[in-house]
Amino acid sequence: MDILVNLQAFLATADAAGFSAAARKLGVSTSVVAKRVTQLEARIGTPLFHRSTRQLRLTEAGQRYVHRARGVVTDATDLLSRMGEKGHDLVDHLRIKAPTSLTVARLADAFSAFQTQNPKLKLDIVLIDRPVDPVTEGFDIAIGAFPHSFGGVVDEPLCALKRLLCASPAYLKKHGAPKHPRDLVEHRCLSFLPTGPEWVFDGPRGRISIQVSPLLSSNEGHVLARSAIAGNGIALLSHYLVADALRDGTLKPVLRDFPIPELWVKAAIPERRRNAAAVQALLTLLKTSLARSL
């Protein structure tokens, strides 16, 4: 077990870029973490970190081994948890990447419910708004709506994500409503940074792509929704973010004859973690929760 705890100390130190932060994460003293890393370095015969008074960074060997070490620790932890399972308790440590807006609006409640149901589970939830390869970046599940795929990774569809253009009645009264997507180049547009300023529509004769010049760009959808409600422009947003505003009339749909193609929220899972009991349980809960809320 010494090798396993030493590998865990190595990974925590690499993730936190310091012994003190790693110690807080592991619940031990800083000296214990430093000792475990030193023991691992002695075992393999090479330093894993460049140490200085100002920073701690991975050596070339450390960079080479960190992803493989994460896989070894994950597999060992999964095996030990399965061997120690009693009844239906799940014992695991899941590292999850999730998008910011969707997590704040919907996934946070699902994660909380999942941990309440499984009190022995440990969760690391990291909010990132870009494509992530869960194998190279050390995640058990990477949730997102980007079309990217990676080697050694299984994509599990979770739900469709409906999007639309919307603006406040005050904005539309002052600036008029666009009749065609090409009219958007003359409007004040509010853009979601992760998907960019190229807006795509389904028209009667096929796909239409328009490059807008955003007045406001943000990676947080609530920021854009608030700006649209305030009358600052036309926003392209996920329906779940503006459903209440559409119901109460503070936002109005725009260009309804030119729908926005749906995205699919998916979970990218390393193949070696696909059948882990905790991963499968979380996927089941997420599918049920998102089907109700999106």
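For the numbers below, each heavy atom of this structure counts, side chains included, while hydrogens, waters and symmetry mates do not. Just so it is clear, the structure is predicted and the values come from calculations on it, not from any experiment. Each residue takes its place number in the sequence, starting with 1.
Atom CG of residue L158 and atom OG1 of residue T288 lie 10.5 Å apart, to the nearest 0.5 angstrom. Between the CG atom of L172 and the CD1 atom of I234 there is a distance of 6.5 Å, given to the nearest 0.5 Å. The structure places CG of D92 at 6.5 Å from CG of L121, a figure rounded to the nearest 0.5 Å. Note that the OG1 atom of T116 and the CZ atom of F114 stand 11.0 Å from one another [nearest 0.5 Å]. Rounding to the nearest 0.5 Å gives a distance of 8.0 Å between OG1 of T195 and CG of L193.
Atom CD of E186 has 12 or fewer neighbouring heavy atoms from other residues, nucleotides or ligands inside a 6.0 Å radius. E60 CD: 12 or fewer foreign heavy atoms inside a 6.0 Å radius. The number of heavy-atom neighbours closer than 6.0 Å to NZ of K252, taken from other residues, nucleotides and ligands shown, is 12 or below. Shown here is K35, whose NZ atom has no more than 12 heavy atoms of other residues, nucleotides or ligands within 6.0 Å.
Judged purely by atom type and a 3.5 angstrom limit, S238 has no side-chain atom pairing as donor or acceptor with the backbone of L241. Checked by atom type and distance alone, the side chain of S227 never pairs as donor or acceptor with a backbone atom of V223 at under 3.5 Å. Listed for the E41 side chain is a donor-acceptor partner under 3.5 Å among the backbone atoms of L48. With hydrogens and angles disregarded, a donor-acceptor distance shorter than 3.5 Å links the side chain of Y240 to the backbone of L102. Checked by atom type and distance alone, the side chain of D183 pairs as donor or acceptor with a backbone atom of K179 at under 3.5 Å. Within the 3.5 Å criterion, the main-chain N or O of P214 finds no donor-acceptor partner in the side chain of S191. A side-chain donor-acceptor contact under 3.5 Å links H180 to the backbone of R182. A donor-acceptor pair under 3.5 Å is formed between the side chain of D248 and the backbone N or O of T250. Side chain of S218 to main chain of L224: no donor-acceptor pair is present (N/O by atom type, distance under 3.5 Å, no hydrogens or angles). The backbone N or O of I269 sits nowhere less than 3.5 Å from a side-chain atom of R274 that would complete a donor-acceptor pair.
When every heavy atom of D133 is checked against every heavy atom of V153, the shortest pair comes out as OD1-CG2, 3.8 Å. The heavy-atom pair separating L286 from A110 by the smallest distance is CD2-CB, 4.1 Å. Across all their heavy atoms, L285 and Q117 have their closest contact at CD1-OE1, 3.6 Å. For P134 against F150, the heavy-atom pair with the smallest separation is CD-CD1, 4.5 Å. Heavy atoms only, all atoms of each residue included: N232 and Y171 are closest at C-CD1, 4.3 Å. Of all heavy-atom pairs between L107 and A98, the closest is CD1-CB, 4.2 Å.
Only one option out of K97, R95, H93 pairs with D124 in a side-chain hydrogen bond (donor to acceptor under 3.5 Å, both in side chains); it is H93.
Using a 4.0 Å cut-off between a side-chain N of Lys or Arg and a carboxylate O of Asp or Glu, E137 and R130 qualify as a salt bridge. Salt bridge status for D202 with R207: present, with a side-chain N to carboxylate O gap under 4.0 Å. In summary, R70 and D140 do not engage in a salt bridge, as defined by a charged side-chain N under 4.0 Å from a carboxylate O.
Under a hydrophobic clustering in which Ile, Leu, Val, Met, Phe, Trp and Tyr are joined whenever their side-chain heavy atoms come within less than 4.5 Å, directly or via other members, I208 and L165 fall into the same cluster. A continuous path of Ile, Leu, Val, Met, Phe, Trp and Tyr side chains, each step under 4.5 Å between heavy atoms, connects F19 with L58, placing both in one hydrophobic cluster.
For the residue pair D109/S289, the side-chain donor-acceptor check at 3.5 Å is not satisfied. A side-chain donor from one of S101 and E220 sits under 3.5 Å from a side-chain acceptor of the other.
For Y65 and F10, the ring centers are positioned 6.0 Å apart or more.
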Item to complete: Assess whether side chain to side chain contact (heavy atoms under 4.5 Å, CB included) is satisfied between R57 and R51, documenting all intermediate values.
Response: CA-CA 7 Å; R57 56 188 179 86; R51 295 165 171 82; over 6 Å; no
Item to complete: Start with the C-alpha gap between D155 and S149, add the side-chain angles, then the distance that decides, and say whether side-chain hydrogen bond (donor to acceptor under 3.5 Å, both in side chains) holds.
Response: CA-CA 8 Å; D155 290 335; S149 295; 3.0 Å; yes
